[in-house]
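Data block below; observations after.
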Amino acid sequence: MAERDESAVQAQWARVRARLREEFGEAAFRTWLKPLTLKDLRAGALRLAVPTRFMRDWVQTNYSDRLRTLWSGENGTVRSIEIVIESVLARAAPVDGAQAEPEAIVVADGAEEPPIDRNEFGGRLDPRFTFENFVVGKPNELAHAAARRVAEASTVPFNPLFLYGSVGLGKTHLMHAIAWQVRRREPGKRVIYLSAEKFMFQFVKAVRFKDTMAFKEQFRSVDVLMIDDVQFLCGKDSTQEEFFYTFNALVDQNRQIVISADKSPSDLEGLEERMRSRLGWGLVADIHPTTYELRLGILQTKAEQMGFAAPTKVLEFLAHKITSNVRELEGALNRIAAHASLVGRSVSLETAQEVLHDLLRANDRRITIEEIQKRVAEHFSIRLADMHSARRARAVARPRQVAMYLCKQLTPRSLPEIGRKFGGRDHTTVMHAVRKIEELRAIDPNLSEDIDLLRRMLET
Ligand code: ADP
Ligand code: MG
């Protein structure tokens, strides 16, 4: 390759890798994809090298389709991809430090081309992110129902739909699902999905090239505009201003807007006041951290989709241990499936522990029951001793239940273990507390807020 071409191809490879990492999760990426190195591209034939035969076979079977698609999105000259075996020693240094590319996707286009560089929207929707593949549980049922409503309604049901929740809980999945569904139902509709980062990038570029009219036009002719991760716009005043403008124009024309962020509008810092209030005008739906039941449901669904007959014990173990987010959960499952297919037999609990030891360590919560009790007692101004006491007055019983609930959510401790730390209470008492708080949360926004606040304090 000529030097200049080579560096272009390396940059494309870095983007492909970033995409792979994002799509398959850190664990699968590290195990199977990171070891791939770019060897060369000659006459449309791209060669990637892996260190062992086994890895070649695995990558070939599981990732080659995706590799091909991602590559053809990056470089039209790539016609074939070959995965070759090359010992580590002979390899050049791997390309690293790839940053995830912000993505932007035009799902359906009207007749005329938008005036702005179409290549900027060269992304794609993830085919796996559909409603069919989304497992619904308590923590995400509102967000899911709202997303479906938006995708299936013939008039705009609420504007905007604001989805929020922490990383890896399915915001992007739901947005893509909306796009797929709208496309299926009404192929003529124009849907744009893009990250806030990409929005900003487009805007800055338009300003630089004095082409802001075209920029505005482009967004103004859309039926559904979805902007992912708007927390990125916080503190970026001129972009926010432009966003606000676009946003209002679309709302005035009764076009659907869907926004996602990692926090609620009122908690997003560095957001202009009018922007904040406007974002909260429609439906604000939060995605709560996963519960054990949801995690287990997701694992069962995904294992089934992969055709991986995982022992229930192993899935339960994962659902207990990998509590951080769904992306990591998927990564863990992929890794175990890979291992099972490698050794050609089912995975035992011990093997699962071994295969995932790094992930498990990272998911080992440092939050302790004592810490939770202390924080909750402080928050509700009760004595720490009342966490253990037999007093049943509402003023102490409720905070105690909140603490038990948080212990269940934030620590890997079992119900009996939690009960013991609350003055030797029975596990059914803890279970009752967890249910009670879940119920109350749904109807009592103050309590819900208290709990979110406590959780955030405990988690940081
Ligand atoms: P976010 O955008 O909130 O950071 P993503 O939408 O990217 O999270 O989700 C991370 C991964 O977890 C994706 O692979 C997604 O498909 C998966 N995921 C999240 N929630 C669910 C769910 N409820 N059912 C199935 N898969 C899910
Ligand atoms: Mg996302």
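Counting convention: from 1, in listed order, for ligands and their atoms alike. Reckoned from all heavy atoms, side chains included, excluding hydrogens, waters and symmetry mates.
Inclusion of Leu169 in the set of residues having an N or O under 3.5 Å from an N or O of ligand 1 is warranted. Between Val135 and ligand 1, a contact under 3.5 Å exists for at least one N or O pair. Of the N or O atoms in Val136, none lie within a sub-3.5 Å distance of an N or O in ligand 1.
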Pairs under 3.5 angstrom only: tabulate donor-acceptor contacts from the side chains of residues 299-319 to other protein residues two or more places apart or in another chain.
unit_1: Thr301; atom_1: OG1; unit_2: Gly297; atom_2: O; d: 2.7
unit_1: Lys302; atom_1: NZ; unit_2: Glu330; atom_2: OE2; d: 2.3
unit_1: Gln305; atom_1: NE2; unit_2: Asn133; atom_2: OD1; d: 2.9

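Using a cut-off of 4.0 Å between Lys/Arg side-chain N and Asp/Glu carboxylate O, Arg335 and Asp358 are scored as salt-bridged.
For Arg149, the CZ atom sits in a loose shell: 12 or fewer heavy atoms of surrounding residues, nucleotides or ligands are nearer than 6.0 Å. For Glu132, the CD atom sits in a packed shell: over 12 heavy atoms of surrounding residues, nucleotides or ligands are nearer than 6.0 Å. Other residues, nucleotides and ligands place no more than 12 heavy atoms under 6.0 Å from the CZ atom of Arg435.
A distance below 6.0 Å separates the ring centres of Phe215 and Phe199. Checked against the 6.0 Å centroid criterion, the rings of Phe243 and Phe203 do not qualify as a close aromatic pair.
Counting protein heavy atoms only, atom 8 (O) of ligand 1 is closest to Gly170 N, 3.1 Å. Of the protein's non-hydrogen atoms, His173 ND1, 2.6 Å is the one closest to atom 16 (O) of ligand 1. What sits closest to atom 21 (C) of ligand 1 on the protein, heavy atoms only, is Phe134 CE1, 3.7 Å. In terms of protein heavy atoms, atom 4 (O) of ligand 1 is closest to Gly168 N, 2.6 Å. Among protein heavy atoms, the minimum distance from atom 26 (N) of ligand 1 is reached at Lys302 NZ, 2.9 Å. Closest protein heavy atom to atom 25 (C) of ligand 1: Asn133 O, 3.2 Å. For atom 18 (N) of ligand 1, the closest non-hydrogen atom on the protein side is Val326 CG1, 3.2 Å. In terms of protein heavy atoms, atom 7 (O) of ligand 1 is closest to Arg327 NH2, 2.8 Å.
Heavy atoms of Thr172 found under 4.0 angstrom from ligand 1 belong to the backbone as well as the side chain. Heavy atoms of Glu330 found under 4.0 angstrom from ligand 1 belong exclusively to the side chain.
Annotation: cation-pi geometry not satisfied between Arg274 and Phe247 (NZ/CZ under 6.0 angstrom from ring centroid, within 45° of ring axis).
Side-chain contact annotation: His288 with Asn140, donor-acceptor N/O pair under 3.5 Å absent. Ser260 and Asp228 form a side-chain donor-acceptor contact under 3.5 Å, judged by distance and modelled atom types alone. At a cut-off of 3.5 Å, with distance as the only test, no side-chain donor of Ser64 or Gln60 sits close to an acceptor on the other residue.
In the vicinity of Asn140, heavy-atom distances shorter than 4.0 Å reach the ligand 1 atoms 23 (N). If you number the atoms of ligand 1 from 1 as listed, the ones under 4.0 Å from a heavy atom of Val167 come out as 4 (O).
His176 pairs with exactly one of Phe134, Tyr193, Phe131 by the ring-ring contact (aromatic ring centres under 6.0 Å, His included) rule, that one being Tyr193.
Comparing Phe129, Phe24, Tyr164, Phe131 by heavy-atom distance to atom 13 (C) of ligand 1, the nearest is Phe129. Summarising the contacts of atom 3 (O) of ligand 1 with Arg295, Gln305, Lys171, Glu132, the nearest heavy atom is found in Lys171.
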*Could you walk me through whether Asp229 and Glu197 pass the side-chain contact (heavy atoms from CB on, under 4.5 Å) check?*
CA-CA 8 Å; Asp229 292 320; Glu197 198 175 359; over 6 Å; no

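Considering only heavy atoms from C-beta on, Leu225 stays 4.5 Å or farther from Val258 through its side chain.
Here the Mg ion (ligand 2) has protein N, O or S atoms under 2.8 Å from it, and they come to 1.
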